[in-house]
Protein chains: 2
Amino acid sequence: MGLVIRNVLGSAGFRRATLMGPVTLKDLAEALGLSITTVSRALAGYNDVAASTRQRVMDAAAQMGYVPDVTARRLQKGRTDTIGFVIPTSGPRFSDPYFSELLAGIGNEAARHNYDLLVSTRTPDTPEEEATYRRLIEGRLVDGLLVVRTRVKDRRLAYLATTGLPFVAFGRSDLEVEFPCVDEDGFRGLELLGQHLIDLGHRRLAFIAAPENLMFGVYRRAGLEAVLQRHELSMPAEYVIVGDLTQRGGYTATNQLLDLSPPPTAVVACNDLMALGAISAVQKSGLVVGRDISITGFDDIPPAEHAHPTLTTMRQPIYDIGRQVCSMLIQLIQGEVLTKRHVLLQPTLIVRESTGPVQDGPHVRPA
Amino acid sequence: MGLVIRNVLGSAGFRRATLMGPVTLKDLAEALGLSITTVSRALAGYNDVAASTRQRVMDAAAQMGYVPDVTARRLQKGRTDTIGFVIPTSGPRFSDPYFSELLAGIGNEAARHNYDLLVSTRTPDTPEEEATYRRLIEGRLVDGLLVVRTRVKDRRLAYLATTGLPFVAFGRSDLEVEFPCVDEDGFRGLELLGQHLIDLGHRRLAFIAAPENLMFGVYRRAGLEAVLQRHELSMPAEYVIVGDLTQRGGYTATNQLLDLSPPPTAVVACNDLMALGAISAVQKSGLVVGRDISITGFDDIPPAEHAHPTLTTMRQPIYDIGRQVCSMLIQLIQGEVLTKRHVLLQPTLIVRESTGPVQDGPHVRPA
DNA sequence: CTTGACTTCCAAAACGGTTTGGAGTATAAT
DNA sequence: ATTATACTCCAAACCGTTTTGGAAGTCAAG
């Protein structure tokens with residue numbers, strides 16, 4: 001980190017960034033007896049400046065510690081080399097590992113292409129969120145936007161579509177707008193999970209759903225219902241509880257489910273966090289997860305494999321999705337044509353300890 | 001989100017942001033027959049423009065959808081109204097809930113003051129990390145920086161101190177530089193945890209340390225050793241294992257500890273994530289956490305109270321620390337004098353199920 | 001000696017705002 | 001009628017770059 005404060009004094013006649021403020025092209029030009037144009041072009045590597053001059057310029061720039069002013073460059077170039085990302089989050093106790101990983105994927109990919117990342121955290125569907133999007137776009141703060149966790153009749157997408165600004169979404173939409181997106185096949189994922197449980201003999205499946213305005217929740221629920229129907233099973237209304245995607249939410253929802261009679265033999269949670277909460281609730285009640293009752297999640301966040309018991313879930317490569325979404329956006333921004341505008345990833349079933357054969361079900365028929 | 005695409009055509013003679021690009025002050029001025037100066041000053045609310053004119057200008061601005069170009073404004077004003085934040089993260093499987101919460105706190109506070117947040121994710125102590133800091137600062141991309149998870153002989157802090165740019169750190173430093181910071185009293189925290197375990201009769205405490213270059217790890221370890229020494233206890237070298245702060249790291253470290261003879265009766269993990277991993281390891285070995293062996297963490301991240309058993313830990317208001325650190329930085333940027341440049345927060349002991357009286361210890365003496 | 005082709009450099013015009021320092025006009029005070 | 005005082009408005013400079021469209025100078029070919 002350049003701890004050596006090299007050249008505080010500089011060579012005679014050469015100023016460095018100090019109290020006088022940062023060194024500008026003008027300073028360099030004056031020190032060298034050249035024009036601003038030439039200095040600029042020398043540093044940019046144009047071939048209409050003599051090799052010897054270029055060398056002089058580069059030496060002086062290093063000497064004086066010249067670093068171009070990014071803002072000025074942006075104004076002139078008409079682009080910001082910045083990507084916007086508004087994280088949907090409500091309240092203080094926000095801690096979905098899901099977003100940490102997504103952010104890491106996005107951030108690293110952005111850095112790889114020399115893009116900056118402008119991040120905001122906003123509560124979904126609030127005036128503040130809307131204002132943030134408007135500001136990022138209309139204030140020309142970003143060259144493109146990443147939209148995550150798409151919603152039913154998503155106003156963000158509808159708005160973005162009218163602006164013409166490049167954007168890529170993580171998640172599909174029910175709107176009549178076409179846009180590039182990456183999504184996991186949640187329908188298929190819950191078919192697989194449901195089938196897995198049915199194979200284990202489960203017939204009374206309960207579902208802890210996502211808030212109903214989230215697209216991914218719609219797909220996942222539909223997938224579960226499809227596979228149940230295929231086996232001529234169905235979930236009574238009281239077996240379906242809408243959760244808030246947090247661990248606490250899964251915990252309280254599961255408590256409700258356990259109070260039913262008969263209680264379900266398997267609880268399908270819409271995401272891992274709620275599944276982890278469900279595990280706690282079951283254990284608190286004295287039952288053994290994986291034997292007395294089976295639990296499944298979705299996402300395969302890191303805690304899933306360290307839970308006790310470990311969690312059966314669908315793996316979704318969140319980090320890579322972050323990278324991919326970001327990569328697609330940058331391609332769009334740079335005017336390239338995407339080879340695939342709509343990517344649907346297949347999640348894979350990870351069977352662990354939280355699911356097991358049904359114990360007391362009427363139709364025990366091991367897989 | 002203004003779904004109504006109002007005025008695509010606009011009123012006669014008024015252009016809106018469309019294919020022609022965004023509306024500028026110049027466009028407004030021409031449409032109104034005024035000078036750019038007057039339009040600018042009208043919108044800025046100066047009192048040297050007639051009320052009627054101001055109204056005309058504001059109407060037209062709304063009509064034509066004028067939004068100022070933030071970049072241009074920044075260049076002129078010489079500030080970016082942006083805060084930088086480099087998140088230390090290594091690799092794909094990064095998911096510390098700690099950072100999600102911190103980010104939420106920072107982001108919300110920044111938004112409250114109309115600051116943008118420029119976020120990068122970089123592996124600590126790498127050339128990339130250094131380059132990122134240099135770029136943010138020397139490229140004048142941010143008005144101030146937030147530094148988190150301070151390190152021993154932290155090069156970031158040493159560098160920042162030479163730049164004169166406002167910054168606030170979450171964590172103290174061993175360097176001879178003074179800077180504003182917020183930190184939790186990790187020393188005191190581990191004294192309390194250690195005392196709690198000693199009170200429960202534990203004598204063989206093991207410690208899963210943080211990487212040795214992290215300042216918070218130094219304080220926490222020293223705190224534990226201090227309380228042990230006060231009771232004329234000590235930890236043999238094999239009872240101290242350096243972990244990587246992840247759940248997996250806590251898991252493997254605990255496996256090593258359990259293989260020792262005699263094994264420890266209590267495992268003190270440097271953070272919650274490792275403590276959760278420790279719980280898994282103990283359970284995997286067939287022992288019961290809280291009875292056969294006690295485990296403690298630090299941070300009180302949300303999963304801590306949903307683990308099974310729930311985790312005894314030190315609570316640290318991470319979200320609020322994020323807010324506070326951000327708030328202090330903004331005060332600094334705006335030239336205000338901080339009432340308190342060094343904030344040391346007292347964490348509180350949260351006793352839950354993962355700790356209990358020692359079973360087979362030689363000196364059983366319940367609290 | 002011209003002419004054309006290169007090479008090397010630069011003045012000036014963007015980019016889209018804000019700010020400075022008047023200028024012009026009406027109104028009020030002398 | 002003259003001077004002072006507001007009140008409105010604006011041209012031009014500025015922020016720090018990049019880019020455009022030459023302008024000199026050199027050199028070899030004709």
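Convention: sequence-line order gives letters A, B, ...; per-chain numbering from 1. Because only heavy atoms are used, hydrogens play no part in the values below, and waters and symmetry mates are left out as well, while side chains stay in.
In this structure, A:Thr71 reaches neither bases nor backbone, as no heavy-atom distance under 4.0 Å exists between it and the strands shown. Residue contacts shown for B:Leu34 are limited to sugar-phosphate atoms, with no base heavy atom under 4.0 Å away. In this structure, A:Arg41 reaches the bases: a heavy-atom distance under 4.0 Å links it to at least one base atom across the strands shown. At the heavy-atom level, A:Asp48 lies under 4.0 Å from base atoms of the strands shown.
A straight line from CD of A:Gln55 to C1' of C:dT8 spans 17 Å, rounded to a whole angstrom. Atom CG in B:Asp69 sits about 6 Å away from atom C1' in C:dG16, given to the nearest Å. A:Leu32 places its CG atom 11 Å from the P atom of C:dC9, with the value rounded to the nearest Å. Rounded to whole Å, atom C1' of C:dC10 lies 14 Å from atom CG of A:Leu25. In this structure, CD1 of B:Ile36 is placed 17 Å from P of C:dT20, rounded to the nearest angstrom. Rounded to whole Å, the distance from CD on B:Gln76 to C1' on C:dT18 is 4 Å. Taking atom NZ of A:Lys26 as the reference point, atom C1' of C:dA12 lies 15 Å away to the nearest angstrom. When rounded to the nearest whole Å, the span between CG of A:Leu75 and C1' of C:dG16 equals 6 Å.
OP1 or OP2 of C:dT18 lies within a sub-4.0 Å distance of a side-chain N or O belonging to B:Arg73. Note on A:Tyr46: every side-chain N or O is 4.0 Å or more away from OP1 and OP2 of C:dT8. Look at B:Ser35 and you'll find a side-chain N or O under 4.0 angstrom from OP1 or OP2 of D:dC10. Residue B:Tyr66 places at least one side-chain N or O under 4.0 Å from the OP1 or OP2 atom of C:dG17. The side chain of A:Ser40 contributes an N or O atom lying less than 4.0 Å from OP1 or OP2 of D:dT18.
The ring of A:Tyr159 has its center no closer than 6.0 angstrom to the ring center of A:Tyr133.
Distances from the side chain of A:Ala50 to the nucleotides C:dT18, D:dC9, C:dT8 place C:dT8 closest. The side chain of B:Pro68 has C:dG17 as its nearest neighbour among D:dT17, C:dG17, D:dC9.
Side-chain atoms of B:Ser100 and A:Ser100 include a donor-acceptor pair closer than 3.5 Å. No side-chain donor from either of B:Asp154 and B:Ser173 sits under 3.5 Å from a side-chain acceptor of the other. Using modelled atom types and a 3.5 Å distance limit, the side chains of B:Thr132 and B:Arg122 yield a donor-acceptor pair.
Comparing B:Asn47 and B:Lys77 against DNA chain D, the residue whose closest nucleotide sits nearer the 5' end is B:Asn47. With DNA chain C read from its 5' end, the first of the two nearest nucleotides for A:Ala51 and A:Thr37 is the one closest to A:Ala51.
Taking the charged nitrogens against the carboxylate oxygens, B:Asp125 and B:Arg155 have no contact shorter than 4.0 Å, which rules out a salt bridge. A salt bridge does not link A:Arg172 with A:Glu178: none of the charged nitrogens is closer than 4.0 Å to a carboxylate oxygen.
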